[in-house]
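Before any comments, here is the structure.
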Amino acid sequence: MPRYNDMKFDLLHTTERSKARAGLLHTCHGDIETPIFMPVGTLGSVKGVHMRELKQDIGAQIILGNTYHLYLRPGTQILEQVGGLHHFNSWDGPILTDSGGFQVFSLSDIRKLAEEGVTFQSHIDGSRHQFTPENVMETQRSIGADIIMAFDECAPGTSTYEYAQKSLGLTQRWLERCIHHFDETKPLYGYEQTLFPIVQGCVYPDLRIKAAEHAATFNRDGYAIGGLAVGEPEQDMYSMIEVVNEILPQNKPRYLMGVGTPINILEAIDRGVDMFDCVMPTRNGRNGMLFTSKGVINIRNQKWTSDFSVIDENGTTFVDTQYNKAYLRHLIQSKEMLGAQIASIHNLGFYLWLVKEARRQILKDTFKSWKEIMIKQLSVRL
RNA sequence: GGGAAGAUACCAAAGUGGCCAACUGGGGCAGACUGUAAAUCUGCUGACUUAUGUCUUCGUAGGUUCGAAUCCUGCUCUUCCCA
């Protein structure tokens, strides 16, 4: 089985006025049209959304899972027994797993960081577990994601230069160990997996450059930009993307981890990013925030109480025109689970529409002007 | 008819002389949420207004007191028990 396959990503189109690109990423579970947004399914489910809705209504082409969470529950034994996450959650498209690097950041008060790896206390029962670059690769083999991520430290956006530098050193040594171990092991379920390195370096251009150059030497099928949208100013995020994308190979997909708002996504596409994931459409949806073609709605606000217009007349999912705003507000106010489901489907549908439309605009060389109009629209708070 | 308990802000419910514009929960209103410890979290919720000020409130009408949601009296209403 080839370790490296240069046919994995076809860069179909680039534009003059923008760094935006349209591409096609091939995986053993299907092709992905980029730019793409990947719904987050931490525990093997995109919260509140059926696979059928994800695929047919929302148009998702790839979803995420999380190594830390799936390792704790249901555990690798179950995942191996069933033949990997695809067979467990019955998503037959591509899957990407995050390595647990983000949990090094988000669970910082119940973990200990060391050269060897990270010792976590389970947030479920307090039990202690060690994650190392090596065992994280193995766990991701067990999960069986098509794209797996290197184990990194996602340092806070407010880190000092000294901390960021130290952290990056660790991430880079871990990357080497990840790659070494990944290349030494084989997939468990008969299809190929690929490992994406993660570029860290906080908001410091020289660190980001160093990190991107280091990552690029490993010649992988794709690269991720991590450690952004974690507390730093938005402008810093954009300039880091610019710095890193200057260095990452043109013919490989770039994945901006954990980002972001619809506007963030458009700005990042403009700067040459191809892949995105974020909990925002689902989490914020559950909490009553809707991203629509006309602007952002807080459906809990009183003004929607008797607004019987449909959720989004230009929306692409069935919920958009099936349900009215007042009803959705009622469901969310009443904490009815259907409300969370409708909001999640709507928001994911919007995100997927956004990247699909971006791709269409890139292909016909009108991305830049379309983006400006969209950003104005997306800034509206209804 | 007799007896007992009770009446507190939108609802429920603490508070039995000053630290009470009044605990707490719900509801309501608003905000937050970016590789998901999140169907979660935060703030506000008498009025005027925003100073750590004034005014009006704890069924109702009086009274005691420097001071009352808290003590006393009448009235009204509610619930329960006995006839």
Side-chain angles (χ1 to χ4, degrees), chain A residues 37-49 62-70 72-73 95-111 120-126 136 140 145 147-157 171 196-200 223-234 237 254-265 267-268 273 275-291 296 298-305 329 331-344 347 351 381:
Chain A
F37 178 81
M38 309 180 280
V40 179
T42 305
L43 279 129
S45 97
V46 177
K47 292 186 193 298
V49 183
I62 170 173
I63 65 172
L64 257 68
N66 182 278
T67 304
Y68 167 82
H69 290 280
L70 291 168
L72 288 181
R73 262 192 322 218
I95 295 178
L96 180 152
T97 41
D98 184 30
S99 61
F102 185 73
Q103 280 63 42
V104 177
F105 163 74
S106 66
L107 302 177
S108 60
D109 28 333
I110 48 172
R111 57 83 169 152
F120 283 105
Q121 263 190 281
S122 158
H123 68 278
I124 300 163
D125 63 4
V136 164
Q140 292 185 97
I147 299 171
I148 77 174
M149 302 306 299
F151 191 51
D152 64 336
E153 184 196 358
C154 178
T171 289
F196 281 18
I198 303 172
V199 173
Q200 289 288 348
Y223 299 87
I225 308 171
L228 291 176
V230 284
E232 79 287 357
E234 217 160 56
M237 169 167 77
R254 294 99 170 238
Y255 162 31
L256 178 58
M257 304 184 77
V259 176
T261 66
I263 292 174
N264 289 160
I265 288 173
E267 293 291 4
V273 175
M275 301 165 73
F276 302 88
D277 79 284
C278 192
V279 304
M280 197 171 274
T282 42
R283 181 192 287 165
N284 290 31
R286 286 195 300 281
N287 295 330
M289 185 174 183
L290 307 178
F291 301 95
V296 176
N298 182 348
I299 200 69
R300 297 192 335 261
N301 286 176
Q302 195 164 37
K303 59 181 157 190
W304 307 113
T305 308
R329 174 183 180 340
L331 294 177
I332 297 274
Q333 288 292 79
S334 313
K335 301 189 189 337
E336 278 293 307
M337 63 174 94
L338 181 60
Q341 293 177 283
I342 292 171
S344 298
N347 277 349
Y351 267 64
R381 294 205 63 133

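The chains referred to below are lettered A, B, ... by the order of the sequence lines, with proteins before strands, and numbering in each begins at 1.
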Quiz item: A/Ser106 side-chain donor-acceptor pair to B/rU36 base, under 3.5 Å: no
A/Leu64 has a side chain; which of B/rC29, B/rC33, B/rG35 sits nearest to it? B/rG35
Could you tell me how far B/rC71 sits from B/rC58 if I compare only their C1' atoms? Round to whole Å. 15 Å
Distance-only side-chain donor-acceptor flag, A/Arg286 / A/Ser344, under 3.5 Å: no
Tell me whether the side-chain N/O atoms of A/Arg329 come closer than 4.0 Å to OP1 or OP2 in B/rC29. yes
Do the side-chain N or O atoms of A/Arg381 get closer than 4.0 angstrom to the phosphate oxygens (OP1, OP2) of B/rA32? yes
Which letters describe nucleotides 40-47 of chain B, given B = protein heavy atom under 4.0 Å from base, S = only from sugar-phosphate, - = neither? B-------
Can you tell me how far C1' of B/rG35 sits from CD of A/Glu153, to the nearest Å? 14 Å
By nearest atom, which of the nucleotides B/rA39, B/rA37, B/rC29 is closest to the A/Gln302 side chain? B/rC29
A/Asn66 side-chain N/O to B/rU36 phosphate OP1/OP2 under 4.0 Å: yes
Keeping to residues at least two apart or across chains, list the side chain to side chain donor-acceptor pair (under 3.5 Å) pairs with something in residues 95-106 of chain A. A/Asn66-A/Gln103, A/Thr97-A/Gln140
When you compare B/rU8 with B/rA61, how far apart are their P atoms, in angstrom units rounded to a whole number? 16 Å
Using atom P in both nucleotides, what's the gap between B/rU36 and B/rC29 to the nearest angstrom? 32 Å
Which whole number of Å gives the distance between the C1' atom of B/rU45 and that of B/rC23? 16 Å
Which nucleotide in B/rC33, B/rA37, B/rU36 has an atom nearest any side-chain atom of A/His123: B/rA37
Between A/Gln121 (side chain) and A/Gly126 (backbone), is there a donor-acceptor pair under 3.5 Å? yes
Any donor-acceptor N/O pair under 3.5 Å between B/rG35 base and A/Asp152 side chain: yes
Looking only at the aromatic ring of each residue, does the gap between the centers of A/Tyr255 and A/Tyr223 stay below 6.0 angstrom? no
Whole-Å C1' distance, B/rG53 and B/rU16: 30 Å
Within this structure, what is the CZ-to-C1' distance between A/Phe37 and B/rU36, rounded to whole angstrom? 12 Å
I want to know whether A/Phe291 and A/Tyr351 have ring centres closer than 6.0 Å. yes
Starting from P on B/rU34, measure out to OH on A/Tyr351 and report it in whole angstrom. 11 Å
Please give the distance between the C1' atoms of B/rC48 and B/rA14 as a whole number of Å. 28 Å
For A/Glu234 and A/Lys303, find the nucleotide of RNA chain B closest to each by heavy atoms; which residue's nucleotide sits nearer the 5' end? A/Lys303
Rounding to an integer number of Å, can you tell me how far A/Ile299 CD1 sits from B/rC33 C1'? 17 Å
Any A/Asn284 side-chain nitrogen or oxygen under 4.0 Å from OP1 or OP2 of B/rA32: no
Between atom CZ in A/Phe102 and atom P in B/rU34, what is the gap in whole Å? 7 Å
In whole angstroms, the gap separating C1' of B/rG35 from CD1 of A/Ile95 amounts to 16 Å
Quick note, A/Gln333 side chain, CB onward, closest among B/rC29, B/rA30, B/rC33 is B/rC29
Using the C1' atoms only, state how far B/rU64 lies from B/rC72, rounded to an integer number of Å. 7 Å
For B/rG63 versus B/rA12, give the span between their C1' atoms, rounded off to a whole number of Å. 32 Å
How close or far is atom P of B/rU34 from atom CZ of A/Arg283, stated in whole angstroms? 5 Å
Compare all side-chain heavy atoms of A/Arg300 with those of A/Gln333 and state whether any distance is below 4.5 angstrom. yes
Would you mind telling me which of B/rU34, B/rA37, B/rU36 lies closest to the side-chain atoms of A/Leu107? B/rA37
A/Gln200 side-chain N/O to A/Ile198 backbone N/O, donor-acceptor pair under 3.5 Å: no
Is there a donor-acceptor pair under 3.5 Å between the side chain of A/Thr305 and the backbone N or O of A/Gln302? yes
Could you check whether the rings of A/His123 and A/His69 sit parallel, tilted or perpendicular, using 30° and 60° as the cut-offs? perpendicular
Would you say A/Gln103 reaches B/rU36's phosphate, i.e. side-chain N/O to OP1/OP2 under 4.0 Å? yes
